[in-house]
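In what follows, every chain begins at residue 1, and chains take the letters A, B, ... in the order their sequences are listed. Excluded from the calculations below are hydrogen atoms, water molecules and symmetry mates; all remaining heavy atoms, backbone and side chain alike, are included. Fair warning: this is a prediction, and the values are worked out from it, not measured in the lab.
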Protein chains: 2
Amino acid sequence: MDDARSRLIESTRDLLWERGYTGTSPKAIQQHAGVGQGSMYHHFAGKAELASAAIRSTAEEMVPGFRRHLDGPGSPLERLRAYLLADRDVLRGCRVGRLVQDKEVVADPTLRGPIDDVFSSALERLAAVLREGQHAGEVRGDVAPEQVAITLLSVVQGGFVVARAHQDKERFVAAVEGALSLLTPPEPRRSGKRTGPATPR
Amino acid sequence: MDDARSRLIESTRDLLWERGYTGTSPKAIQQHAGVGQGSMYHHFAGKAELASAAIRSTAEEMVPGFRRHLDGPGSPLERLRAYLLADRDVLRGCRVGRLVQDKEVVADPTLRGPIDDVFSSALERLAAVLREGQHAGEVRGDVAPEQVAITLLSVVQGGFVVARAHQDKERFVAAVEGALSLLTPPEPRRSGKRTGPATPR
DNA sequence: GTCTATAGGAGGATAGAC
DNA sequence: GTCTATCCTCCTATAGAC
């Protein structure tokens with residue numbers, strides 16, 4: 001798979017990640033891929049079609065990515081933790097999440113569709129694992145799994161944003177650690193008084 | 001304040017929100033503001049300087065925006081709820097959050113600085129209100145306020161992203177409702193068994 | 001302060017030769 | 001399949017007149 005077509009898709013994936021849709025030009029793609037003008041327009045009708053292929057490629061490879069954690073070994077809570085704390089290139093942001101800022105991406109169903117799909121797929125798995133966790137008593141039982149799944153996906157996506165704003169990867173870690181700390185059922189309380197933070201100050 | 005300078009800043013704010021930094025051209029700003037080429041370059045050295053002024057303007061007006069909720073009337077939890085559920089143009093995204101995807105914004109301290117500042121300011125207030133809520137017994141006491149503050153800001157920022165990906169404002173609402181449901185101290189449990197979701201299915 | 005002119009390069013694509 | 005030529009518009013300014 002080292003033909004021009006594959007290299008074009010690969011380059012587009014990289015550039016979309018780094019510069020977004022608007023910021024990625026056909027010329028830049030060609031140069032990054034080491035492929036001529038004519039070659040690119042032979043394989044793809046234009047920028048949008050190429051981007052569509054690249055986004056689909058990225059989206060499709062993300063599914064096994066999070067499934068590996070969410071459907072992996074360990075207790076439900078351990079799997080959630082594995083997903084949330086998975087190794088990520090935090091300061092670069094989410095390959096698909098960053099694209100939804102682009103007007104053109106959101107306006108074009110062939111560009112937005114794959115992103116919609118990965119997110120839906122992730123939400124489904126997250127909700128399922130949360131439910132499992134509730135049955136196991138690892139996750140507090142008085143919350144709605146489908147809703148909290150959206151919360152968790154948002155923490156991840158927002159963690160990228162906050163970390164980039166501060167140029168500090170640790171913000172992402174703090175965001176997901178905070179979410180994890182809220183997920184577990186707390187120790188039973190006696191009265192209405194608090195028990196104090198687990199990590200004081 | 002209806003002079004050319006103000007109109008340029010106002011237009012830049014709008015266009016940055018809609019198209020991001022890369023997607024916003026001087027020409028588009030001029031047309032949107034009804035101001036000529038020469039006028040723009042008289043008031044500002046170039047695109048970056050104009051964007052810097054616009055971002056600073058936006059960032060500065062956001063602080064009283066969230067303070068109004070977080071420092072407002074009501075119990076700590078009510079204030080957090082007011083902030084998280086505040087009226088937002090969800091599908092348009094966050095005026096400042098969306099900008100940190102832009103390479104150029106993150107690379108230029110005069111562009112990223114104001115964003116860094118609003119976020120820091122929001123985190124500080126969120127942590128303070130969370131602490132208050134813990135003292136009042138409204139927020140579970142066994143979590144770290146500074147960390148959960150980052151989680152909440154991430155939920156908001158990520159809620160924008162997820163909602164845009166699905167083109168569904170309700171995803172944002174679900175994300176923050178889920179976060180709120182995790183914040184409160186749960187009813188004391190008897191054994192290791194769950195009590196069942198408050199909102200089943 | 002604002003206008004017009006000018007400019008070199010990039011963006012996005014089409015056409016036809018090889 | 002790939003290459004080169006060509007096209008028209010936009011991008012981001014600079015220069016100088018009014």
Review point. At what distance, to the nearest 0.5 angstrom, does CD of E170(A) lie from CD of E177(A)?
Key: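 The CD atom of E170(A) sits 9.5 Å away from the CD atom of E177(A).
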What pairs of nitrogen or oxygen atoms, one from the protein and one from nucleotides 7-11 of chain D, lie under 3.5 Å apart?
{"from": "dC11(D)", "atom 1": "OP1", "to": "S25(B)", "atom 2": "OG", "distance (Å)": "3.4"}
{"from": "dC11(D)", "atom 1": "OP2", "to": "S25(B)", "atom 2": "OG", "distance (Å)": "3.2"}

Within this structure, what is the [atom1]-to-[atom2] distance between [X] and [N], rounded to whole angstrom?
X: H32(A); N: dA10(C); atom1: NE2; atom2: P; result: 17 Å
X: I29(A); N: dA10(C); atom1: CD1; atom2: P; result: 16 Å
X: Y21(B); N: dT12(D); atom1: OH; atom2: C1'; result: 10 Å

Point to revise | Ring-face cation of K103(A) near Y21(A) (centre distance under 6.0 Å, axis angle within 45°) | key: no
Check your understanding: Does V162(B) offer a backbone N or O that forms a donor-acceptor pair with the side chain of R171(B) under 3.5 Å?
Key -> no
**Study point:** Any donor-acceptor pair under 3.5 Å from Q134(B) side chain to V143(B) backbone
**Key:**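 A pair under 3.5 Å: yes.
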Check your understanding: Should R5(A) and D3(A) count as an ion pair when the cut-off is N to O under 4.0 Å?
Key ->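 Between D3(A) and R5(A) there is no salt bridge, as every charged N stays at least 4.0 Å from the carboxylate O atoms.
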**Study point:** Contact list for residues 76-93 of chain B, test side-chain hydrogen bond (donor to acceptor under 3.5 Å, both in side chains), sequence neighbours left out
**Key:** R79(B)-E132(B)
**Study point:** Check: S11(A)/D14(A) side-chain N/O donor and acceptor closer than 3.5 Å
**Key:** no
All N/O pairs under 3.5 Å across the protein-nucleotides 1-3 of chain D interface:
{"from": "dT2(D)", "atom 1": "OP2", "to": "S39(A)", "atom 2": "OG", "distance (Å)": "2.8"}
{"from": "dT2(D)", "atom 1": "OP2", "to": "H43(A)", "atom 2": "NE2", "distance (Å)": "2.8"}
{"from": "dC3(D)", "atom 1": "OP2", "to": "G36(A)", "atom 2": "N", "distance (Å)": "3.3"}

**Study point:** Atom CD of E124(B) with >12 non-hydrogen neighbours under 6.0 angstrom
**Key:** no
